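Working notes, structure below.
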Amino acid sequence: MLIDKPQRGYWCECWTEDLTEGAGPTLRGSFDAYSAPQASRWVAVALRTISPALDPDASDQAWEWLYDGRIETRRALLRAEPCTVTVTHATTRITWTIRPVLFLPLAHRQGVELPACAYDFSPTQPMPR
């Protein structure tokens with residue numbers, strides 16, 4: 001999406017945390033949404049996708065949010081409030097966060113020299129973990 005002025009939107013993230021290890025959460029994915037429905041839909045699609053693999057308690061948590069919590073999440077987002085959706089499957093906590101943000105336009109790069117580090121990346125190299 002090309003924008004030429006700051007635009008309101010939502011920054012969405014998915015985190016997992018192994019509750020037995022004591023290590024911090026790990027970022028699994030992120031998404032930039034430009035409307036409250038788009039942001040809540042991102043979480044809803046993820047929950048619907050993983051719900052068959054969840055244990056019964058986690059599946060109940062997921063479907064409770066899908067049926068009841070999703071409406072309140074969308075209302076909170078429209079009030080520009082951050083939201084969190086969490087399910088716990090066995091020893092793994094999965095958390096989706098949605099925060100209102102202001103997306104800033106990026107400078108047009110055509111005809112501008114990229115920084116030297118941009119040439120270090122090769123699309124054939126595996127991404128670091």
Side-chain angles (χ1 to χ4, degrees):
M1 170 179 270
L2 178 62
I3 57 177
D4 61 354
K5 60 183 176 179
Q7 182 174 354
R8 295 190 184 280
Y10 302 90
W11 183 247
C12 311
E13 296 176 335
C14 179
W15 296 82
T16 61
E17 182 177 8
D18 185 329
L19 302 174
T20 62
E21 290 185 355
T26 302
L27 179 64
R28 297 297 177 179
S30 59
F31 178 71
D32 52 331
Y34 291 89
S35 69
Q38 186 183 27
S40 68
R41 189 170 36 253
W42 183 70
V43 177
V45 168
L47 282 173
R48 282 191 190 107
T49 301
I50 68 170
S51 67
L54 297 174
D55 63 43
D57 289 339
S59 183
D60 287 348
Q61 292 170 357
W63 286 103
E64 182 178 323
W65 181 83
L66 285 164
Y67 286 123
D68 298 323
R70 186 174 179 187
I71 294 165
E72 185 52 39
T73 295
R74 191 172 293 181
R75 287 179 183 147
L77 293 173
L78 291 170
R79 293 188 304 264
E81 298 172 0
C83 296
T84 302
V85 178
T86 300
V87 297
T88 302
H89 168 74
T91 60
T92 302
R93 180 182 300 136
I94 308 166
T95 303
W96 291 267
T97 60
I98 306 171
R99 294 186 308 270
V101 295
L102 189 62
F103 292 110
L104 301 176
L106 297 175
H108 186 59
R109 286 216 178 266
Q110 191 171 2
V112 176
E113 184 66 29
L114 292 172
C117 63
Y119 301 104
D120 292 340
F121 174 75
S122 169
T124 59
Q125 293 177 334
M127 294 297 293
R129 292 185 180 233

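None of the values given here were measured: they were computed from a predicted structure.
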hydrophobic_cluster_shared for L102 and I98, side chain cutoff 4.5 Å: no
CD (E81) with more than 12 external heavy atoms under 6.0 Å: yes
Shared hydrophobic cluster, Y67 / W42 (ILVMFWY, side-chain heavy atoms < 4.5 Å): yes
Side chains of S59 and S51, donor plus acceptor under 3.5 Å: no
Salt bridge (charged side-chain N to carboxylate O under 4.0 Å, His left out) evaluation trace for R93 with E21: CA-CA 12 Å; R93 180 182 300 136; E21 290 185 355; over 6 Å; no
Short side-chain to backbone donor-acceptor contact, D55 and A90, under 3.5 Å: yes
Joint cluster assignment, V43 & I50, ILVMFWY side-chain distance < 4.5 Å: yes
Spatial distance of atom CZ (R48) from atom CZ (R41) [nearest 0.5 Å]: 10.0 Å
From CD (Q61) to OG1 (T86), nearest 0.5 Å: 8.5 Å
Donor-acceptor pair between T73 and W65 side chains, under 3.5 angstrom: yes
Cluster check L66, F31: I/L/V/M/F/W/Y, side chain < 4.5 angstrom: yes
Any donor-acceptor N/O pair, H89 side chain to A58 backbone, under 3.5 Å: no
Residue pair W96 / A46: nearest heavy atoms and the distance that separates them: NE1-CB, 3.7 Å
Ring centres under 6.0 angstrom apart (Y10, Y34): no
Heavy-atom pair with the smallest gap, counting every atom of S40 and R74: OG-NH2, 3.2 Å
hydrophobic_cluster_shared for W15 and L47, side chain cutoff 4.5 Å: no
Main-chain N/O of I94 paired with E17 side-chain donor or acceptor, under 3.5 Å: no
Value rounded to 0.5 Å, distance of CZ in R99 from CD in E13: 4.5 Å
